[in-house]
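Okay, so here's the structure we're looking at.
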Amino acid sequence: MIERTVDLRGDPERELADVAEHIRSGGTIAYPTETVYGIGALPDPAGVAAVQRVKGRAADKPLIVLVPSARDAEGLRWTNEARTLAEIFWPGSVTLVLEDPDEIFPDGIRSPVGAVGVRLSPHPIVSRLLAALGAPLTSTSLNAPGRAPARSGTEAVAALTEMASEGTWLLDVGTLPPSAPSTVVDCTGQAPVVLREGSVPVGRLRCALPEIRGS
């Protein structure tokens with residue numbers, strides 16, 4: 001059951017301080033991104049466990065992290081290629097997978113091989129929410145197992161009704177424009193590899209980095 005719905009359809013500039021406080025206190029949040037509605041929490045062990053519980057997500061499927069700025073991911077290992085992609089495509093729908101040698105992020109975000117997926121979302125609500133929170137936010141698509149990701153407030157409500165969503169707040173902005181998911185690029189090796197082609201085509205990535213691999 002959704003704890004609270006924050007209707008931003010008529011007031012997209014509404015202050016989000018109370019939403020940020022809900023997240024800081026350990027709450028989960030369903031929110032719009034540039035692709036689909038997502039669900040997240042603080043990127044700490046309790047936040048990861050809360051999102052996994054709500055979504056029924058296996059512990060071996062890491063969550064990604066949305067960051068307020070590239071500076072908030074400076075503790076990760078940035079290759080020159082990753083920096084080039086971030087400079088060109090952030091804010092945008094490109095998720096970069098970077099090494100986390102100092103274990104900045106906990107298991108459930110940090111993969112078994114020690115990598116973390118990060119993105120700087122261009123969605124204005126995400127930007128304002130992260131500014132109010134002053135910290136990164138975990139992210140995974142909002143959908144019950146086997147269901148399509150929610151693309152509207154109505155679909156978000158339906159998804160959360162199917163899930164163990166106690167303590168979850170919903171930021172409702174209505175229906176999102178059609179979009180493919182983010183493009184995921186693994187930047188942990190000698191050459192970047194596209195793990196998933198999404199809304200940013202591989203051809204555009206190769207304009208910046210001809211050596212990028214993947215189809």
* Test side-chain contact (heavy atoms from CB on, under 4.5 Å) on V173 and I125 and set out the steps. => CA-CA 9 Å; V173 297; I125 296 299; 4.0 Å; yes
* Are any non-hydrogen side-chain atoms of R14 and V19 less than 4.5 angstrom apart? -> yes
* Asked: At their closest point, which heavy atom of P106 faces which heavy atom of V48, and how far apart are they?
  -> CG-CG2, 4.2 Å
* To do: Just grab all the side chain to side chain donor-acceptor pair (under 3.5 Å) pairs involving residues 99-118, residues at least two apart or on different chains.
  => R77-E99
* Structure fact -> Taking every heavy atom of A20 against every heavy atom of L133, the minimum-distance pair comes out as O-CD1, 3.7 Å
* Answer yes or no: is there a side-chain heavy-atom contact under 4.5 Å between P32 and L171? => yes
* To do: Answer yes when R213 and D186 have at least one side-chain N-carboxylate O distance shorter than 4.0 Å, and no when they do not.
  => no
* To do: Consider only side-chain N and O atoms of S152 and Y37, and report whether a donor and an acceptor are under 3.5 Å apart.
  => no
* Asked: Would I64 end up clustered with F105 when hydrophobic side chains under 4.5 Å apart are linked, directly or stepwise?
  -> yes
* Asked: Would you call R71 and E74 a salt bridge, taking side-chain N to carboxylate O under 4.0 Å as the test?
  -> no
* Does V126 belong to the same Ile/Leu/Val/Met/Phe/Trp/Tyr cluster as L42, with side-chain heavy atoms less than 4.5 Å apart forming each link? -> yes
* Asked: Closest heavy-atom contact between C187 and L85?
  -> SG-CD1, 4.1 Å
* To do: Measure the CD-CD distance between E211 and E81 for me, rounded to the nearest 0.5 Å.
  => 5.5 Å
* **Salt-bridge criterion met for K55 and E162 (N-O under 4.0 Å)** => no
* Asked: Does any donor atom in the side chain of S199 or S93 lie under 3.5 Å from an acceptor atom in the other side chain?
  -> yes
* Asked: Can you tell me if E21 uses its side chain to pair, donor with acceptor, with the backbone of A17 under 3.5 Å?
  -> no
* Side chains of I109 and P62 in contact at under 4.5 Å (non-hydrogen atoms) -> no
* **N/O donor-acceptor pair under 3.5 Å between H22 side chain and I29 backbone** => no
* To do: If the plane angle is over 60° it's perpendicular, under 30° parallel, otherwise tilted; pick one for W90 and W78.
  => perpendicular
* Asked: Where do Y31 and L66 come nearest, in terms of heavy atoms and distance?
  -> OH-CD1, 3.6 Å
* Pick out which of V202, L205, L98 makes a side chain to side chain contact (heavy atoms under 4.5 Å, CB included) with V185. => L205
* Which atom of T95 lies closest to which atom of R119, heavy atoms considered -> OG1-NH1, 3.1 Å
* Asked: To the nearest 0.5 Å, how far apart are CG in L209 and CD1 in I88?
  -> 6.5 Å
* Same cluster for V36 and V6 if Ile/Leu/Val/Met/Phe/Trp/Tyr side chains link at under 4.5 Å? -> no
* Interatomic distance, L130 atom CG to H123 atom NE2 [nearest 0.5 angstrom] -> 12.0 Å
* Structure fact -> Interatomic distance, CH2@W169 vs CD@E3, rounded to 0.5 Å, equals 6.5 Å
* Under 3.5 Å, side chain of R9 to main-chain N/O of D172, donor-acceptor pair present? -> no
* OG on S141 to CZ on R151, rounded to 0.5 Å -> 9.5 Å
* Distance (rounded to the nearest 0.5 Å) between R128 CZ and E15 CD -> 7.0 Å
* Asked: Just checking, is any N or O donor in the side chain of R57 or T140 under 3.5 Å from an acceptor N or O on the other one?
  -> yes
* Going hydrophobic residue to hydrophobic residue with side-chain gaps under 4.5 angstrom, can you get from L170 over to I23? -> yes
* To do: Establish, from distance only, whether the side-chain atoms of E34 and S121 form a donor-acceptor pair under 3.5 Å.
  => yes
* Asked: Taking D72 for the side chain and S69 for the main chain, is one N or O donor matched with an acceptor at less than 3.5 Å?
  -> yes
* Asked: Would you call R53-E166 a salt bridge at under 4.0 Å N-O?
  -> yes
* **T183 side chain to V200 backbone, donor-acceptor under 3.5 Å** => yes
* More than 12 foreign heavy atoms under 6.0 Å from CZ of R83: is that the case here? -> yes
* Asked: For A82 and L96, which heavy atoms make the closest approach, and how far apart are they?
  -> O-CD1, 3.7 Å
* **Shared hydrophobic cluster, L137 / V184 (ILVMFWY, side-chain heavy atoms < 4.5 Å)** => no
* Asked: Cut-off 3.5 Å, side chains only: do T33 and T35 have a donor facing an acceptor?
  -> yes
* **Flag if over 12 foreign heavy atoms under 6.0 Å of CD, Q190** => no
